[in-house]
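Notes for the one structure printed next.
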Number of protein chains: 2
Amino acid sequence: MAVTDVADPFDMSLTAVSKHLTILTKAGLIQQEKRGRVKWCKLDPTALQEASLWMQSFGQFEAVDLDGFESFLADQGLLGQDSLTDAAD
Amino acid sequence: MAVTDVADPFDMSLTAVSKHLTILTKAGLIQQEKRGRVKWCKLDPTALQEASLWMQSFGQFEAVDLDGFESFLADQGLLGQDSLTDAAD
DNA sequence: TAATTCGTCAACCAAATGGTTAAATATAGA
DNA sequence: TCTATATTTAACCATTTGGTTGACGAATTA
């Protein structure tokens, strides 16, 4: 799907959509390939698998395992400043 | 876990943590119960299951099924303004 | 060759986010 | 009863986000 095709259904400028697509590309959620003047965008269907797995485990681990998981995420470069993974009780 | 316990490991004010916990409560990710002057916070381990399922399906559906899924999310009140669920190619 | 299309860049602006401090309120402890 | 603790509220501020318009360059079309 071309950038203009992606933009078409949205009530906002092509510039804004282009910016969003740049972010999605950097995040690894889509891939972009330029052919001539058109940039073709392709969703990466596996991009959210790791996040999905993490969400499934959300709240399931013992506290000590959360620390291990945080280390894992840090190693993967996936740990943001605002992650708040405290398990209560 | 009490609010002050949650705040303890973070290098930021108790006020900021309290604000975050309010957001997490509204999002349904944690539950808060006040006993005396202490507010006890508890993670809801199932809170991210729906999001996890959606992420697993990310990019897997035919286009027409994406529309159906969007309808489902809208019915669930889970559809944000910034969702961009285009499948390329 | 000129016009059009595609997409990005630069510059700008409003709104939202994410934090702070000081003050206030409610509850517990001395 | 007074002090301390827990938490929130109000007000504020800096940064980030999310959008715009106009201009530009590359590629395509007429």
Side-chain angles (χ1 to χ4, degrees), chain A residues 1-44 47-48 51 54-55 58-59 63 66 70 73-74 76-89, chain B residues 1-44 47-48 51 54-55 58-59 63 66 70 73-74 76-89:
Chain A
M1 185 171 262
V3 172
T4 44
D5 297 322
V6 176
D8 193 48
F10 298 98
D11 183 22
M12 65 202 240
S13 70
L14 180 57
T15 304
V17 172
S18 178
K19 284 180 173 177
H20 280 294
L21 292 174
T22 299
I23 295 167
L24 291 170
T25 300
K26 282 174 173 170
L29 297 179
I30 65 171
Q31 288 159 4
Q32 286 186 306
E33 177 192 3
K34 189 165 189 177
R35 286 186 250 136
R37 72 185 176 189
V38 175
K39 251 194 179 166
W40 295 97
C41 308
K42 185 174 183 179
L43 199 68
D44 182 353
L48 292 174
W54 183 86
M55 284 184 166
F58 183 76
L66 276 182
E70 277 190 18
L73 291 178
Q76 298 289 317
L78 299 174
L79 198 58
Q81 280 294 77
D82 49 11
S83 63
L84 193 59
T85 53
D86 292 88
D89 231 53
Chain B
M1 186 171 259
V3 172
T4 43
D5 297 324
V6 176
D8 193 48
F10 298 99
D11 184 24
M12 66 201 241
S13 71
L14 180 57
T15 302
V17 171
S18 177
K19 285 181 174 179
H20 280 296
L21 293 174
T22 299
I23 295 167
L24 291 170
T25 301
K26 284 176 174 171
L29 297 178
I30 65 171
Q31 287 158 5
Q32 287 186 307
E33 178 193 5
K34 190 165 189 179
R35 286 186 249 136
R37 69 189 177 190
V38 176
K39 252 200 181 160
W40 295 97
C41 308
K42 186 175 184 179
L43 199 70
D44 181 352
L48 291 174
W54 182 87
M55 284 183 167
F58 183 76
L66 275 182
E70 276 190 19
L73 291 178
Q76 297 289 317
L78 298 173
L79 200 56
Q81 280 294 76
D82 51 11
S83 63
L84 191 62
T85 52
D86 291 87
D89 232 56

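Here is the naming used below: chain letters follow the sequence lines, and residue numbers restart at 1 for every chain.
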What integer distance in Å separates [X]:[atom1] from [N]:[atom2]?
| X | N | atom1 | atom2 | value |
| --- | --- | --- | --- | --- |
| B:Lys39 | D:dT9 | NZ | C1' | 12 Å |
| A:Phe10 | D:dG19 | CZ | P | 10 Å |
| B:Ile23 | C:dG18 | CD1 | C1' | 9 Å |
| A:Leu21 | C:dC9 | CG | C1' | 16 Å |
| B:Leu14 | C:dT25 | CG | C1' | 14 Å |
| A:Met12 | C:dA14 | CE | C1' | 16 Å |
| B:Asp5 | D:dT5 | CG | P | 15 Å |
| A:Gln32 | C:dC6 | CD | C1' | 13 Å |

Taking the side chain of B:Thr4 as its heavy atoms from C-beta onward, which of D:dT20, C:dT20, D:dT7 lies nearest to it?
D:dT7
So does A:Asp5 get a backbone contact from the side chain of A:Asp8, meaning a donor-acceptor N/O pair under 3.5 Å?
no
Per-nucleotide protein contact along nucleotides 22-30 of chain D, 5' to 3', at a 4.0 Å heavy-atom cut-off (B base, S sugar-phosphate only, - neither), is B----BB--
Heavy-atom distance under 4.5 Å between the side chains of A:Phe58 and B:Leu43, does that happen here?
yes
Are the side chains of B:Met1 and B:Lys39 in touch, meaning some heavy atoms are under 4.5 Å apart?
no
Hey, can you pull the donor-acceptor pairs under 3.5 Å for the side chains in residues 21-32 of chain B, sequence neighbours left out?
residue : atom : partner : partner atom : Å
B:Thr22 : OG1  : B:Ser18 : O            : 3.0
B:Thr25 : OG1  : B:Leu21 : O            : 2.8
B:Thr25 : OG1  : B:Gln32 : OE1          : 3.1

For B:Val17 and B:Val3, work out which heavy atoms get closest and say how close.
CG1-O, 4.4 Å
Touch check for B:Ser13, heavy atoms < 4.0 angstrom, all strands: base, sugar-phosphate only, or nothing?
base
So, is B:His20 near the phosphate of C:dT17, with a side-chain N or O under 4.0 Å from OP1 or OP2?
no
Closest-nucleotide ordering on DNA chain D, the 5'-leading residue of A:Lys19 and B:Val3:
B:Val3
In chain order, what residues pass the side chain to side chain contact (heavy atoms under 4.5 Å, CB included) check against A:Ala51, with sequence neighbours excluded?
B:Met55
